[in-house]
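Read through the structure below, which is laid out as structure tokens, and then see the notes.
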Amino acid sequence: VTGIVTLLTDYGLADYYVGALKGTILRLAPRARLVDVSHDVAPGDVVGAADLLAGAAPAFPEGTVHLAVVDPGVGSLRRMLVVEAGGHHFVAPDNGLLSPFLDEGGAWSVTRADLFLRAPGATFHGRDRFAPIAAALVRGDHPAALGERIVDPVRLVRAVPRREEAEAGVVLRGTVVRVDRFGNLVTDLPAEWLTASAGRSVAAEVGGRRAERVVSHYAELAAGEPGVLVGSLGTLELSLRGASLAEAWGVARGEAVRVEMPRR
Amino acid sequence: VTGIVTLLTDYGLADYYVGALKGTILRLAPRARLVDVSHDVAPGDVVGAADLLAGAAPAFPEGTVHLAVVDPGVGSLRRMLVVEAGGHHFVAPDNGLLSPFLDEGGAWSVTRADLFLRAPGATFHGRDRFAPIAAALVRGDHPAALGERIVDPVRLVRAVPRREEAEAGVVLRGTVVRVDRFGNLVTDLPAEWLTASAGRSVAAEVGGRRAERVVSHYAELAAGEPGVLVGSLGTLELSLRGASLAEAWGVARGEAVRVEMPRR
Amino acid sequence: VTGIVTLLTDYGLADYYVGALKGTILRLAPRARLVDVSHDVAPGDVVGAADLLAGAAPAFPEGTVHLAVVDPGVGSLRRMLVVEAGGHHFVAPDNGLLSPFLDEGGAWSVTRADLFLRAPGATFHGRDRFAPIAAALVRGDHPAALGERIVDPVRLVRAVPRREEAEAGVVLRGTVVRVDRFGNLVTDLPAEWLTASAGRSVAAEVGGRRAERVVSHYAELAAGEPGVLVGSLGTLELSLRGASLAEAWGVARGEAVRVEMPRR
């Protein structure tokens, strides 16, 4: 245990929620070291939070506790999960948020009601339940001491990218899974599907627009030129030099991507 | 003393102010553990900051120093306060920001000018005065060593919610004191004023619109249905399932709320 | 070495980038103490980041490592810098971001490729290269152990403010270098150029609008009155009481400022 607790929520930064979450962890686990990952997940966006956590968590040292609260079902009977995977502990509502870590590790449904705070209402389980669970983990409790092992945690159903061999070449079909602050379109297409034969040019289409140049970094593009490159999570990414491609093309998360590579 | 210093300001995150505030505390109290509560208070919004701090501070362990700087009067003769309440120390300008803690504790006006930084201008007392005061407290100084006891700190005047017995039933009159990121309308009406006889239905009116169903958590509502529930600070809250009620009804902080409960 | 690593990026708070940056530093230097300075620099705004860091960094204790990643040239052959100045270490791409610290200290171009992470793509050197460099410094490595000394780091070319003696008086010509969250216009005109003879009135012009009153703090102005004062970095600042002057006058960063002071 490193004492590190990362925090990921959709609470925003203008309200008291983040402060109360942090205070509760520090009150229950005074040696915890809090690290903000993001509080700017769109309200209720479980899918976005899952992707964000999948990108950030592996960077942390083993023994880190990751607390993620995007919880539109707060107060209902949805379970509260602890997942152990890759030497990390994850705490979140059982709504799919921890999907990226389920294949690798064990999952527990927390039943230790004695841990929970007695506080008004049933609208802020981040403070009243999840923070105490994270505090218990950072104090060294094993997940098995907090609840019972389960085998059916909720999993997000995600579109699966495809690779099709056609006569004229290879066609990749995927989805824009993330639009970052720079307006880059991050897809779920594995970068290794780019065939060597594709060389420096392909036809990548999103929303009726097309990028044709494959580059290794943004600055290789000319100003205003769209291009395709290998992104930081190992998938294909579309980018526009010096501006937001998402804005220029009017593309949002969820849009289909099609990449065609000539046979040679 | 836990070494924890929480930070609450209206500086925003795009400027150098937050960094300079943090650096100054760490320079003067190298073992301080900084915790961001919020830097997204609306510029000059002392009332919003007071409410935010009232929600967040009690979650922290005793011995925490809370530094809160929303200071439209910076540079003027307004006093600089230290308040001790519930085992916590609070530092802020004397403009009402610490109102929620005044009933419970003692207040001092800081006079130890030798603590203050010599720096250009009189526009950034967060860095030049409040940070050194917080650093002194986290190093273990008692408030009495920093200034003189006062009995007349500035208090915010708040509307007081009312409970009226009428023939047809009970009427509660209050105010929307907070609109959160999810668009929930948080009122100042104590949840215990909901009479048992009200059962699962009331008539809650804000801005000419009405919610009638009392639920215990958000997910109990149907999509698009407004409802009333007990919020996380023990007051009544109005909410819309899956969307912002504030936006749907065009309601902002300060709006009057009226809740009517039939006698049975 | 204090263990403190400050973080300044243009990554925003809604993406996984900040989390991955933090996790990497903590994985490689488990005792590092991370301090967010800002992740809200406008995308690619190297000049804004340089100014922000120049304001914030001096507040921190000696031995602090400042990591600043605003890196439109990520993946290209641009160098990666370590600068030592005033007892602080700075890490950033060689694009001018560290200009404010170059006069005072030594600069090294990092060549220790063995430090870098093997990770997909060439788009996230914050995680893959700069974080490991910062981690090495916080673990105690000397910059000379990380690369080779250089004498030609990239410097931003900035407009130089001028002071002109005319018959009628003194004229100062400068630039709005920063607009803060309150809408104050921060200039690059040294406050000491305000002559004593100017007393409490000058003629300060920006964008065809004019402020004439010199005050020592914001609250000295009447509501809606524009004024001139000494800002927190020792330069002249224009402000409007209780509202954003930038908005009221339609002024943005880069606008010319002219201040005229009568001879007496």
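Throughout, protein chains are lettered first and strands after them, A, B, ... in sequence-line order, and every chain is numbered starting at 1.
- One finds the CG atom of B:Asp36 at 8.5 Å from the NE2 atom of A:His39 (value rounded to the nearest 0.5 Å).
- Both the backbone and the side chain of A:Ala14 come within contact range of chain B, with heavy atoms under 4.5 Å apart.
- Here the closest heavy-atom approach between residue B:Arg181 and residue A:Val41 is recorded as NH1-O, 2.6 Å.
- With A:Arg127 contributing its side chain and B:Ser232 its backbone, the two residues share a donor-acceptor pair below 3.5 Å.
- Here the shortest heavy-atom pairing between A:Ala20 and B:Gly55 reads CB-O, 4.2 Å.
- Neither the backbone nor the side chain of A:Arg33 comes within contact range of chain B, judged by heavy atoms closer than 4.5 Å.
- Closest heavy-atom contact between B:Ile4 and A:Leu26: CD1-CD1, 3.8 Å.
- Contact of B:Leu13 with chain A is made through the side chain alone, with heavy-atom distances under 4.5 Å.
- For B:Thr6, no part lies near chain A; criterion is any non-hydrogen pair under 4.5 Å.
- Of the residues considered (A:Thr24, A:Leu28, A:Asp128, A:Leu117), A:Thr24 shows the highest number of contacts with chain B, using heavy-atom pairs under 4.5 Å.
- Annotation for A:Arg149: atom CZ counts as buried by contact number, over 12 foreign heavy atoms lying within 6.0 Å.
- Counting heavy-atom pairs closer than 4.5 Å to chain B, the top residue among A:Leu34, A:Val18, A:Val74 is A:Val74.
- Closest heavy-atom contact between A:Pro72 and B:Ala219: O-CB, 4.2 Å.
- Ranked by heavy-atom pairs under 4.5 Å with chain B, the list A:Ser76, A:Ala131, A:Gly44 is led by A:Ser76.
- Interface remark: A:Asp10 contributes backbone and side-chain atoms alike to the contact with chain B (heavy atom separation under 4.5 Å).
- For chain A, the option among B:Ser244, B:Gly231, B:Ala54 with the highest count of heavy-atom pairs below 4.5 Å is B:Gly231.
- Heavy atoms only, all atoms of each residue included: B:Leu233 and A:Pro120 are closest at C-CG, 4.1 Å.
- Looking at heavy atoms from C-beta onward, A:Tyr16 lies out of side-chain contact with B:Asp51 at the 4.5 angstrom threshold.
- Aromatic ring pairs are classed by plane angle as parallel below 30°, tilted from 30° to 60° and perpendicular above 60°; the pair A:Tyr11 and B:Phe182 is perpendicular.
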